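Chain letters run A, B, ... following the sequence lines, proteins first and then strands; every chain starts at 1. Values in this document were obtained by computation on a predicted structure and should not be read as measured data.
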Protein chains: 2
Amino acid sequence: MMTVRQDVHSADIPVLCQSCEARHRGVCGALDPDQLVALSKTSSRHKIEPGIELIGDAEAIDSYSNVLSGVVKLTKGLSDGRQQIVGLQFAPDFLGRPFKVESAINAEAATAVSLCTFPKATIDRMMKESPELEHRLLKQTLNELDDAREWMVTLGRKTASEKVASFLLMIARNIDPTADPTAKSATFDLPLTRADIADFLGLTIETVSRQMTRLRTDGVIRIENNRHVTVDSLGRLERRSGA
Amino acid sequence: MMTVRQDVHSADIPVLCQSCEARHRGVCGALDPDQLVALSKTSSRHKIEPGIELIGDAEAIDSYSNVLSGVVKLTKGLSDGRQQIVGLQFAPDFLGRPFKVESAINAEAATAVSLCTFPKATIDRMMKESPELEHRLLKQTLNELDDAREWMVTLGRKTASEKVASFLLMIARNIDPTADPTAKSATFDLPLTRADIADFLGLTIETVSRQMTRLRTDGVIRIENNRHVTVDSLGRLERRSGA
DNA sequence: CTCAGCGCTTGACCGAAATCAAGGTTTCGG
DNA sequence: CCGAAACCTTGATTTCGGTCAAGCGCTGAG
């Protein structure tokens, strides 16, 4: 089971960054008022179209971002073109790799994305001054590591149909984190194309399509316009996800 | 390519923990002398036999450890018994999951292992006092995340023979971190059985065996006693690992 | 409106790895 | 030294998912 964020709604955040308004796991809640003012001066909001590359492999990273809305896919590729999605970032995740000059992964907007971007140098400096900021980053990084390991089980040991069920379940749990985690049903727009889902699950487009069709004909999900998914019984879906 | 540790030999560590003598990425180097004295009083060294479980799934964690020697495998299982190894910890990695009461993974000694173990409460307290300690943990966690994502590519997108080659390459790079990273050849004892390798690569024992045989008959590796591996040309192995 | 392009589905066939089965090798206790 | 158990290899067969191919249904430009 994909780790459900446990600290998204930790209510101990006193202040917000002026420009990004990100609470939750964003970095801003960890800063004191002076730092926030300084950060707000250099940060800026961006709207990103789907498909736009945010960080290229082996590119220098000179900024960090908070994801305010939308979904960012993190990918790694092999030299012959094979690709694997190694993570999805939802709001309010932090995007960037501290302590490294260049990125080992690509980041690309999977949907329309809005970001709050800060210069790397500013955050790096604040990280030295503010243990609370580093503490936040450690927490997010540990959560991402848990997610990555959970996904390794899916990639290495699950069948195609279990993979697709696991994917839908993970999206249902992340796309609207304000939703009741004990809810029995869910409805959402898929943030990824079939090709992206295939790259996430280590499958082909055709196999993803066939498994989605099977879930649909078996009455586990309903799909409209190839994007909008309704799951009446999350429990039923979970039983197909291989536990 | 598996991330090669970059900070193993950072020489800026002034002091050592009395009982564990772990430098490198262990937690001890981040502590000031007073903390070290306090920690040394509660820490202890252990020798662990292969196959012994260190942390069980859903078990409460009340201690952290530094790996002093040997290899620890981190596994996750599905309800029907399928297993996936989601990480290997080599010396001098830190073992434990801060900020969570119970573990979502199993940790088991893959080889004979020696550990330096501390009470969780002591480290948790020191973490609050010492930003440097949290900084270390963030660095190690980011490295583990990089490794996990690298491995997701292997699990999701590589063929069986590429997987086995990638595995051997990763072991060669980690088993003796003092070795010259530019070395052209390597020799080492496999820390895992074929069954473990299969669980790491998302394959079966038989497929691992066949691919090892192929690498052997192709002259890429030599194997003695099913454990001791010699790689004359790491470059040749790398070319088979799918880049 | 028409048509091109893209994303998705479906079908037929194929192949890499799983499964099933048998036998070899190493290790270790007695 | 013998025998059992654990581990590993090899072969035959099956199967799941990949590959190849065709067609559908939006969507947007002209």
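- Without hydrogens or angle criteria, A/Gln84 side chain to A/Phe200 main chain gives a donor-acceptor distance under 3.5 Å.
- Across the interface with DNA chain C, nearest-nucleotide mapping of A/Met212 and B/Arg210 shows A/Met212 to be the residue nearer the 5′ end.
- Under 4.0 Å is where a charged nitrogen must lie from a carboxylate oxygen, and between B/Arg173 and B/Glu238 at least one such pair does.
- Rounded to an integer number of Å, the gap from NE2 of A/His228 to P of C/dC8 is 16 Å.
- With rounding to whole Å, B/Arg194 atom CZ is found 15 Å from C/dT25 atom P.
- With respect to the salt-bridge test (charged N to carboxylate O, under 4.0 angstrom), the residues A/Glu144 and A/Arg149 do not qualify.
- One cannot find a donor-acceptor pair under 3.5 Å joining the base of D/dT10 and the side-chain atoms of B/Arg214.
- Residue-level contact check: A/Ser209 touches the bases, meaning some heavy atom is under 4.0 Å from a base atom.
- Between the CG atom of B/Asn226 and the C1' atom of C/dG24 there is a distance of 11 Å, rounded to whole Å.
- B/Thr204 comes within 4.0 angstrom of a nucleotide base, judged by non-hydrogen atoms across all strands.
- In this structure, B/Gly51 reaches neither bases nor backbone, as no heavy-atom distance under 4.0 Å exists between it and the strands shown.
- When rounded to the nearest whole Å, the span between CD of A/Glu206 and P of C/dA12 equals 15 Å.
- Ion pairing between a basic and an acidic side chain is recognised when a charged N comes within 4.0 Å of a carboxylate O; A/Glu162 and A/Arg240 show no such pairing.
- Proximity note for B/Leu203 (side chain, C-beta onward) versus D/dG18, C/dA18, C/dT9: the nearest is C/dA18.
- Nucleotide C/dG7 holds its C1' atom 13 Å from the CD1 atom of A/Ile223, rounded to whole Å.
- Between the C1' atom of D/dG28 and the CG atom of A/Asn225 lies a distance of 16 Å, rounded to the nearest Å.
- Dashed line: the shortest gap from a side-chain N or O of A/Thr213 to OP1 or OP2 of C/dT10 is under 4.0 Å.
- Between A/Asp199 and B/Arg157 there is a salt bridge, since a side-chain N of the basic residue sits under 4.0 Å from a carboxylate O of the acidic one.
- The listed nucleotides are D/dG17, C/dC8, C/dA17; the one nearest the side chain of A/Thr193 is C/dC8.
- The nearest whole Å value for the distance from the CD1 atom in B/Ile205 to the P atom in C/dA21 is 16 Å.
- Atom CD of A/Gln211 and atom P of C/dC8 are 16 Å apart (whole Å).
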